[in-house]
2 protein chains.
Amino acid sequence: MLVDDHLVVRVGLRGLLETQPDLTVVAEASGGAAAVAAFAEHRPDVTLMDLRMPDMGGVEATAAIRAKFPDARILVLTTFETEEDIFRVLEAGAAGCLLKNTETKPLLEAIRAAHAGTYQLPPDIAGRFAKWRAMPELSAREREVLELIVRGRSNKEIGTALGVAENTVKNHVKVILDKLRVQDRTQAATTALQRGLVSMPRRA
Amino acid sequence: MLVDDHLVVRVGLRGLLETQPDLTVVAEASGGAAAVAAFAEHRPDVTLMDLRMPDMGGVEATAAIRAKFPDARILVLTTFETEEDIFRVLEAGAAGCLLKNTETKPLLEAIRAAHAGTYQLPPDIAGRFAKWRAMPELSAREREVLELIVRGRSNKEIGTALGVAENTVKNHVKVILDKLRVQDRTQAATTALQRGLVSMPRRA
DNA sequence: CGCGAAGTAGCCCGAATGGGCCATTGTCCC
DNA sequence: GGGACAATGGCCCATTCGGGCTACTTCGCG
């Protein structure tokens, strides 16, 4: 099954896969919710799942499918998402992760390996995945503060925005810097963006 | 002509376009340099160009083609690049810009409009493009400093790294904040990332 | 019931930052 | 030659930030 909101990608993948006698595309979905429904209906051996989709993200869709069908084999097919997204979907039970610019041969190998249950993560990704799992989570409040840091607000402004004292904000910031293992708020902001902890601020 | 480093996308686009009797794919290229050569050889009416490619970026390829063939009609097909990239390629002479998740119909319309020379930028993009052109460029030195700001370095560290006094760095930072119209270095960092002025810092 | 985590808030203080303003040295272009 | 501008560096000063510390309340969980 193919899950991707880009029609072009679905057509392309179908074109590639249908040259292989042992592979058949039994279903397509252009969104996460549709993917969950289509999986239940068609029970594909392997699912190729995009991460970034409008209605329900690939992470949620993967989790939803795996919740109902624990032996579902889902390969994430991504262009260039953040580490955070990739790791979250692996956590959600995806079998592995491929870049969309992989050549035909590795793609087919990965699909067959996923079907056989022998798919292996690339070692560098696996290592960072382990590190990511070891990292303490930010609390909800801390994520709020981090979000405002990324927006470039000062501690005082953050305090006003959240209705707390500046000292409180400073404490949150200290904890955030500690958890992210960075030295200052600018590093916290870039790290947060890179890891996808918060999304890009909208332009003025 | 199709220019994209993703095989999947080329196959997909070809599949979509070949359903149309008035459209023919005469060439494909998987990189910028190959695109320039292929353009010279095939002279396609319209070129669909990806921005992010390994060897030569879409911006440079577009500029190179337009330099030799000023009436080349090039449509940029992008997934989610930064504004900076899009604006730079428009500046380089691209006729317009499409997201890869556009449906079949608008895509075909855009191709035909580009061929006829009547393609119009979406108004919101056009407006921001105008604003972008009005913005002063950062000098090379300022971009260096900005890059280090994004990496989370302090003024003193930046001075050491560049071999200048901290005071000089402070002056550069002041100019950068002024040109980017932001209040502090954290905003400068996030703005720079969003606009693609510098790329993401690699993780430790 | 008690313990810990999260959120709140205060204190102190050194360092970093941002904003004025000015000066000198190049270099490039008219 | 003169003008514009980038790059360099200096000074002063108010504000902000980061770090260390303590402390209280409120929760949920065992």
Side-chain angles (χ1 to χ4, degrees), chain A residues 84 132-195 197-198 201 204, chain B residues 84 88 91 132-195 197-198 201 204:
Chain A
E84 187 80 6
W132 176 82
R133 299 182 76 161
M135 184 128 83
E137 298 275 324
L138 295 184
S139 72
R141 197 55 154 176
E142 285 154 4
R143 275 194 300 274
E144 273 185 292
V145 173
L146 181 57
E147 164 112 7
L148 292 169
I149 288 178
V150 172
R151 306 266 177 273
R153 320 289 289 276
S154 72
N155 288 339
K156 186 178 297 189
E157 288 172 329
I158 296 173
T160 305
L162 299 184
V164 300
E166 183 187 353
N167 279 319
T168 303
V169 177
K170 288 174 65 172
N171 256 330
H172 287 312
V173 171
K174 267 183 289 198
V175 175
I176 292 170
L177 297 184
D178 194 50
K179 286 188 179 175
L180 296 185
R181 298 191 212 151
V182 294
Q183 276 72 51
D184 58 56
R185 59 175 48 223
T186 304
Q187 288 177 21
T190 56
T191 311
L193 286 177
Q194 186 183 28
R195 298 242 306 266
L197 299 176
V198 304
Chain B
E84 187 79 7
R88 286 232 314 276
E91 191 90 333
W132 176 82
R133 300 181 76 163
M135 185 135 82
E137 298 275 324
L138 295 183
S139 72
R141 196 55 153 176
E142 285 154 4
R143 276 194 299 274
E144 273 185 292
V145 173
L146 181 56
E147 165 112 5
L148 291 169
I149 288 178
V150 172
R151 307 266 176 274
R153 321 289 288 278
S154 71
N155 288 339
K156 186 177 298 189
E157 288 172 328
I158 295 173
T160 305
L162 300 184
V164 299
E166 185 186 351
N167 277 320
T168 303
V169 177
K170 289 173 65 172
N171 258 330
H172 287 313
V173 172
K174 269 183 286 196
V175 176
I176 291 170
L177 297 184
D178 193 50
K179 286 189 180 174
L180 296 186
R181 298 190 212 152
V182 295
Q183 276 72 50
D184 58 58
R185 60 174 49 223
T186 304
Q187 288 178 21
T190 55
T191 315
L193 286 177
Q194 185 182 29
R195 298 243 304 266
L197 299 176
V198 305

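Below, read A as the first sequence line, B as the second, and so on, with proteins coming before strands; counting in each chain starts at 1. Here the structure is a predicted model, which is why all the values come from computation and not from measurement.
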### Task
Please state how far atom CG in B:Asp184 lies from atom C1' in D:dA14, giving the value in whole angstrom units.
16 Å
### Spacing between B:Arg141 atom CZ and D:dC5 atom C1', to the nearest angstrom
16 Å
### Query
What nucleic acid atoms does A:Val173 come within less than 4.0 Å of, heavy atoms only: base, sugar-phosphate, or nothing?
sugar-phosphate
### Message
Within the structure provided, determine whether B:Leu180 and B:Arg195 are in side-chain contact (heavy-atom separation under 4.5 Å).
### Response
yes
#### Entry: Heavy-atom pair with the smallest gap, counting every atom of A:Thr190 and B:Ala189
CG2-CB, 4.1 Å
### Query
Rounded to whole angstroms, how far apart are CG on A:Leu146 and P on D:dG18?
12 Å
Nucleotides 9-12 of chain D: which of its N/O atoms have a protein N/O under 3.5 Å away?
{"residue": "D:dG9", "atom": "OP2", "partner": "B:Ala165", "partner atom": "N", "Å": "2.8"}
{"residue": "D:dG9", "atom": "OP2", "partner": "B:Thr168", "partner atom": "OG1", "Å": "2.9"}
{"residue": "D:dG9", "atom": "O5'", "partner": "B:Thr168", "partner atom": "OG1", "Å": "3.3"}
{"residue": "D:dG9", "atom": "N7", "partner": "B:Asn171", "partner atom": "ND2", "Å": "3.0"}
{"residue": "D:dG9", "atom": "O6", "partner": "B:Asn171", "partner atom": "ND2", "Å": "2.5"}
{"residue": "D:dG10", "atom": "O6", "partner": "B:Asn171", "partner atom": "ND2", "Å": "3.3"}

### Query
Does any N or O in the side chain of A:Glu142 come within less than 3.5 Å of the main-chain N or O of A:Leu138, such that one atom is a donor and the other an acceptor?
no
### Task
Would you mind reading off the distance between B:Gln183 atom CD and D:dC17 atom C1', rounded to a whole angstrom?
17 Å
### Query
With a 4.5 Å limit on heavy-atom distance, are the side chains of A:Arg141 and A:Leu162 in contact?
yes
### Query
DNA chain D: B:Ser139 or A:Arg185, which has the more 5' nearest nucleotide?
B:Ser139
### Which residues share a salt bridge (Lys or Arg N to Asp or Glu O under 4.0 Å) with A:Arg143, sequence neighbours left out
none
### Query
Could you give the start and end, 5' to 3', of the contact zone on DNA chain C for chain B, using atoms under 4.0 Å from its heavy atoms?
C:dA16 to C:dC21
### Summary
side-chain contact (heavy atoms from CB on, under 4.5 Å) test vs A:Arg185 passes for just one of A:Ile149, A:Ile176, A:Val145, A:Leu146, namely A:Ile149
So which protein N/O to nucleotides 24-26 of chain D N/O distances come out below 3.5 Å?
none

#### Entry: Close side-chain approach of B:Lys179 to B:Val175, heavy-atom, < 4.5 Å
yes
### Query
When the nearest nucleotide of DNA chain D is assigned to B:Ala140 and to A:Leu177 on a heavy-atom basis, which residue is associated with the more 5' position?
B:Ala140
### Message
Whole angstroms only, please: what is the NZ-P distance between B:Lys179 and D:dC5?
### Response
10 Å
#### Entry: Protein-nucleotide distance (A:His172, atom NE2; D:dG18, atom P), rounded to Å
15 Å
### Query
Are A:Asn155 and D:dT16 close enough that a side-chain N or O sits under 4.0 Å from OP1 or OP2?
no
### Query
Can you tell me how far the CG atom of B:Asn167 sits from the NE2 atom of B:His172, to the nearest 0.5 Å?
11.0 Å
### Query
To the nearest 10 degrees, how far apart in direction are the end axes of the helix from C:dC1-D:dG30 to C:dC30-D:dG1, each fit to five base pairs?
50°
## Note on the structure
Heavy atoms of B:Ala188 and B:Leu177 approach each other most closely as CB-CD2, 3.9 Å
### Message
Between C1' on D:dA7 and CG on B:Leu162, what's the gap in Å once rounded to a whole number?
### Response
12 Å
#### Entry: Close side-chain approach of B:Leu148 and B:Val169, heavy atoms under 4.5 Å
no
### Message
To the nearest 0.5 Å, what is the distance between CD on A:Gln187 and CZ on B:Arg151?
### Response
11.0 Å
### Message
Applying salt bridge (Lys or Arg N to Asp or Glu O under 4.0 Å), can you list everything that pairs with B:Arg88, at least two apart in sequence or on another chain?
### Response
none
### Atom pair CG (B:Leu197) and OG1 (B:Thr191), whose distance is rounded to the nearest 0.5 Å
8.5 Å
### Test: A:Lys170 and A:Glu166 ion pair at under 4.0 Å
no
